[in-house]
Amino acid sequence: MEITDTDSYQFTKPGYLGEAVPISVREIRVMGVHGEVSYDEQRNSVITFPEGDYLISYEGDLDGNSFSALFKTPYNVTISLPGVYFVDNPLLGYVSQGGSVLVGENQTTILWESTRYAEIRFYDELRLFILSVFGTIWVVFMIILLFGYYSMRAASRRE
């Protein structure tokens, strides 16, 4: 994510009431104009560095198949998903307001410009298959029920 004119950043996720909850992250990289910048780790998932414009990248664990980030000031956010994940089905996937989705050969990239909140829900082919099977079972079940209803109604009209 890109940050501008700042000297610290806290890694958080939104809590149940929208509050910022600190998260554990690893492989933190703070990149400045002239390359990688050293940083100090503070308490509550806060890192500090000299004031400036930076690109911060990190790895962290996801809860389920979603990612959300809440910021105090607007940031440019980019999320890259491997090609096995998708966000385009509205029943399974979600991209918060302002996010633009770019689908490439081996990855899906979601971009937000100057946002205070970014959220995605993604899925893989297995979840899409399960949704298709579930939908097909329900459609077949409804056809059987409707056929039975109309058969009974037609039989009662003949009498």
Given side chains that start at C-beta, do those of [X] and [Y] come closer than 4.5 Å, heavy atoms only?
X    : Y    : result
Y75  : T73  : yes
P22  : N44  : yes
D40  : T48  : yes
R127 : N65  : yes
T6   : I3   : yes
Y39  : S8   : no
V101 : T108 : yes

May I ask whether [X] and [Y] are part of the same hydrophobic cluster, defined by side-chain heavy atoms of I, L, V, M, F, W, Y residues being less than 4.5 angstrom apart, directly or through others?
X    : Y   : value
V103 : V95 : yes
Y9   : V25 : yes
F67  : F71 : yes
Y94  : I79 : no
V46  : I56 : no

Enter the distance from [X]:[atom1] to [Y]:[atom2] here, rounded to the nearest 0.5 Å.
X    : Y    : atom1 : atom2 : result
D53  : T4   : CG    : OG1   : 5.5 Å
L81  : N106 : CG    : CG    : 13.0 Å
Y150 : L146 : OH    : CG    : 6.0 Å
F141 : I143 : CZ    : CD1   : 12.0 Å

When you measure from the side chain of N76 to the backbone N and O of E2, does any donor-acceptor pair fall under 3.5 Å?
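Looks like no, no N/O pair under 3.5 Å.
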
Tell me whether S96 contacts the main-chain N or O of E119 through its side chain, where contact means a donor paired with an acceptor under 3.5 Å.
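A pair under 3.5 Å: yes.
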
Please find out if less than 6.0 Å separates the ring center of Y149 from that of F147.
no

With a cut-off of 6.0 Å (strictly less than), are more than 12 heavy atoms of other residues, nucleotides or ligands near [atom1] of [X]?
X    : atom1 : result
E113 : CD    : no
E59  : CD    : yes
E36  : CD    : yes

On a heavy-atom basis, which atom in [X] and which in [Y] lie closest, and how many Å separate them?
X    : Y    : answer
G32  : V37  : N-CG2, 3.8 Å
L17  : E19  : N-OE1, 3.0 Å
A118 : V77  : CB-CG1, 4.3 Å
S45  : S24  : OG-N, 4.3 Å
S80  : T109 : OG-OG1, 3.9 Å
R121 : P90  : NH2-O, 4.3 Å

If the condition is ring pair (Phe, Tyr, Trp, His ring centres under 6.0 Å), which residues does Y85 pass it with, not counting sequence neighbours?
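In terms of ring pair (Phe, Tyr, Trp, His ring centres under 6.0 Å), with neighbours along the sequence ignored, Y85 is linked to F122.
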
Distance-only side-chain donor-acceptor flag, W112 / T78, under 3.5 Å
no

Linking Ile, Leu, Val, Met, Phe, Trp and Tyr by side-chain heavy atoms under 4.5 Å, what else ends up with L92?
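L92 clusters with F86, L91, Y123, L128, L131.
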
Between F49 and Y54, how do the two ring planes meet: parallel, tilted or perpendicular, split at 30° and 60°?
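Correct class here is perpendicular.
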
